[in-house]
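Before any comments, here is the structure.
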Amino acid sequence: MRQRINVPDFDLAATLDCGQAFRWKRGGDAWYVGVVGREVWRLRQEGHTLEWETDPKPTPNPSKEGNFGLHSKKRNSGLCTKNRDSVIPSSGGAGGGLSEMHITKYLSLDRSLPAIVATFPVDNAPLHAAVRRHWGLRVLRQEPWECLASFIASSSKQIVQIRQIVELLANRFGEPITNADGRARWPQRAEDPRLGEATEPYHSFPSVGVIARASHEHLLACKLGFRAKYLLATARMIDNGDVKLDALRSMEYERALEELVRLPGVGEKIANCVLLFSCGFDEAFPIDVWIERALRRLYFPRKHNVTHRQLREFARSHFGPYAGWAQQCLFFSERMRK
DNA sequence: TGCCAGGCCTGTC
DNA sequence: GACAGGCATGGC
């Protein structure tokens, strides 16, 4: 079944391609296909209209080791209004399929982009130029564990390689997303006629528990390299309850940051990515090599001795309460230059 | 073939 | 606090 909603101030391509999520693929027909929770989503934008297709026969019984056990108690709890609420749907819920509420929350369509941009300092010309270039780019509300694991894998990797690692983790450790009859939902290769009838089901992202009980060797097989030991140790700490991801949303920003950097392989940059992309901390401003390059070029063109610490302070004081949204525009803009 | 990648950890100064 | 080296691997 195909459904549509009106989406002002929104750019699906910029939002899904800007590097904040790693499981979206654009098909030749302009449809984006991705896995969110235990659902395969298909989305397309035409002008101010967002279309999506839902599977008419969702799996009736998600397995006991669901990907989103962290949020199982919050599922289907009604329309969330606070930014830091979890919004990840589960399949097989009442009515099944993909609802407008899930789409709206995941894509942050319930937020006013003009109002957010209005908080950016008026004298920050490079930022406003980036916002104009990528008008409609929104910060997603992703699932914290998948976001954290993906960014642990991102360390010193190119985005194309991160996508590959996340896909390998899902295919090896996740669960196939199938209909009740066992057939793949939205089979991955169906859109590529060169591959004939061959189909492979999409897989959910593996749960914390599954990764915590995986072997180091099996994680290495997913091309994680030296990051394998970090992902394993982090999963075990979370699985043990040493760090509670679902408690982060209710913390102050600084406290949540402190909690995340306790995890092996998680420094300030990765922690800020998780806080921004999955925990609703709009002020989080991840500083990676791209943003550092952009900040130096745009704001300190003739000052060559600016330290990383000074850049951090600059970011904290020059982008306002939605610094993370500003960061994502600058990040995408910087990448597009290349 | 060699550089570099949405970093982090550790040791050294 | 600042900095360098090491860590695995693959795209370009």
Side-chain angles (χ1 to χ4, degrees), chain A residues 14-25 130 134 137 139-140 142 144 146-169 172 214-237 243 257-279 281 284-298 300 303-316 319 323-338:
Chain A
T15 299
L16 298 183
D17 289 336
C18 70
Q20 57 181 323
F22 302 104
R23 296 207 68 186
W24 287 98
K25 292 177 186 168
H134 305 296
L137 192 166
V139 171
L140 299 172
Q142 301 181 60
E146 179 175 340
C147 185
L148 171 61
S150 300
F151 277 100
I152 286 176
S154 78
S155 181
S156 195
K157 277 287 183 188
Q158 296 174 0
I159 287 182
V160 61
Q161 294 174 297
I162 303 166
R163 291 177 179 276
Q164 187 182 19
I165 292 170
V166 171
E167 210 59 35
L168 284 169
L169 285 171
R172 178 175 283 263
S215 71
H216 183 246
E217 289 68 29
H218 284 146
L219 292 178
L220 280 177
C222 295
K223 302 187 178 180
L224 278 158
F226 64 83
R227 306 155 197 83
K229 60 178 181 293
Y230 295 143
L231 182 61
L232 187 58
T234 284
R236 288 177 177 170
M237 277 185 73
V243 171
L257 189 69
E258 280 179 21
E259 191 67 4
L260 274 173
V261 298
R262 289 176 54 214
L263 295 166
V266 180
E268 202 165 309
K269 188 267 168 181
I270 291 176
N272 274 305
C273 285
V274 174
L275 293 179
L276 175 63
F277 301 138
S278 71
C279 296
F281 288 90
F285 193 101
I287 299 180
D288 64 351
V289 288
W290 292 91
I291 279 294
E292 181 156 345
R293 196 178 301 144
L295 293 179
R296 290 183 190 280
R297 182 174 59 81
L298 297 169
F300 303 96
K303 195 174 177 186
H304 302 294
N305 56 347
V306 182
T307 65
H308 185 83
R309 183 183 183 81
Q310 287 173 311
L311 287 178
R312 220 166 45 190
E313 290 306 314
F314 177 81
R316 195 192 306 273
F319 294 95
W325 291 63
Q327 187 271 4
Q328 202 51 32
C329 275
L330 289 170
F331 173 80
F332 193 40
S333 197
E334 184 69 11
R335 283 185 55 83
M336 289 299 99
R337 286 185 81 234
K338 186 180 177 184

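To find a chain, count down the sequence lines: A is the first, B the second, and so on, and within it residues start at 1. Source: prediction; values computed, not measured.
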For nucleotides 9-13 of chain B, list the nitrogen or oxygen atoms of the protein found under 3.5 Å from its nitrogen or oxygen atoms, one pair per line.
unit_1 : atom_1 : unit_2   : atom_2 : d
B/dC9  : OP1    : A/Gly265 : N      : 2.9

Study note, to complete from the structure: When A/Glu268 and A/Lys157 are each assigned the nearest nucleotide of DNA chain B, the 5'-most assignment goes to A/Lys157
Check your understanding: Do A/Gln328 and B/dG6 have a side chain to base donor-acceptor pair shorter than 3.5 Å?
Key -> yes
Review point. Hey, does the side-chain of A/Ser155 have a donor or acceptor N/O within less than 3.5 Å of a partner on the base of B/dG7?
Key: yes
Any donor-acceptor pair under 3.5 Å from [X] side chain to [Y] backbone:
X: A/Gln328; Y: A/Cys18; value: yes
X: A/Glu334; Y: A/Arg293; value: no
X: A/Gln327; Y: A/Ile287; value: no

Rounded distance in Å - [atom1] ([X]) to [atom2] ([N]):
X: A/Ile287; N: B/dC8; atom1: CD1; atom2: P; result: 11 Å
X: A/Arg312; N: B/dG7; atom1: CZ; atom2: C1'; result: 14 Å
X: A/Arg335; N: B/dG6; atom1: CZ; atom2: C1'; result: 8 Å
X: A/Glu292; N: B/dC8; atom1: CD; atom2: P; result: 12 Å
X: A/Leu295; N: B/dG6; atom1: CG; atom2: C1'; result: 14 Å
X: A/Arg293; N: B/dC4; atom1: CZ; atom2: P; result: 10 Å
X: A/Leu260; N: B/dG7; atom1: CG; atom2: P; result: 17 Å
X: A/Ile162; N: B/dC4; atom1: CD1; atom2: P; result: 18 Å

Base, sugar-phosphate, or nothing for [X], non-hydrogen atoms under 4.0 angstrom?
X: A/Ser156; result: base
X: A/Phe332; result: nothing
X: A/Gln327; result: base

Review point. Quantified in whole Å, what is the P atom distance between nucleotide B/dG11 and nucleotide C/dA8?
Key: 16 Å
Point to revise | Pairwise P distance for C/dG5 and B/dG6, with rounding to whole Å | key: 22 Å
Revision key, fill the gap. What one should report as the nearest heavy-atom pair of A/Pro144 and A/Ser278 is CA-OG, 3.3 Å
Review point. Where do A/Ala149 and A/Leu231 come nearest, in terms of heavy atoms and distance?
Key: CB-CD1, 3.7 Å
Practice item. Strictly below 4.0 Å, heavy-atom distances to any atom of DNA chain B: list the hits from residues 218-228 of chain A, or just say none. Key: A/Phe226
Point to revise | Centroid under 5.5 Å and tilt under 30°, A/Phe331 to B/dG6 | key: yes
Revision key, fill the gap. Taken in chain and number order and not counting sequence neighbours, the residues that satisfy ring-ring contact (aromatic ring centres under 6.0 Å, His included) with A/Phe300 are A/Phe314
**Study point:** Basic-acidic side-chain contact under 4.0 Å: A/Arg296, A/Glu292
**Key:** yes
Let me have the donor-acceptor pairs involving side chains of residues 152-164 of chain A, under 3.5 Å, with sequence neighbours excluded, atom names and distances please.
unit_1   : atom_1 : unit_2   : atom_2 : d
A/Ser154 : OG     : A/Phe151 : O      : 2.6
A/Gln161 : OE1    : A/Gln158 : N      : 3.1
A/Arg163 : NH1    : A/Trp24  : O      : 2.9

Revision key, fill the gap. Taking pairs as Watson-Crick (N1-N3 plus N6-O4 or O6-N4) or G-U wobble (N1-O2 and O6-N3), each distance under 3.5 Å, the stems of three or more consecutive pairs with DNA chain C are B:2-5 with C:9-12, B:7-13 with C:1-7
Practice item. At the 4.0 Å heavy-atom cut-off to chain A, mark where contacts on DNA chain C begin and end, going 5' to 3'. Key: C/dA2 to C/dG11
Revision key, fill the gap. Exactly one candidate in A/Leu275, A/Ile291, A/Leu311 meets side chain to side chain contact (heavy atoms under 4.5 Å, CB included) with A/Phe285; the answer is A/Ile291
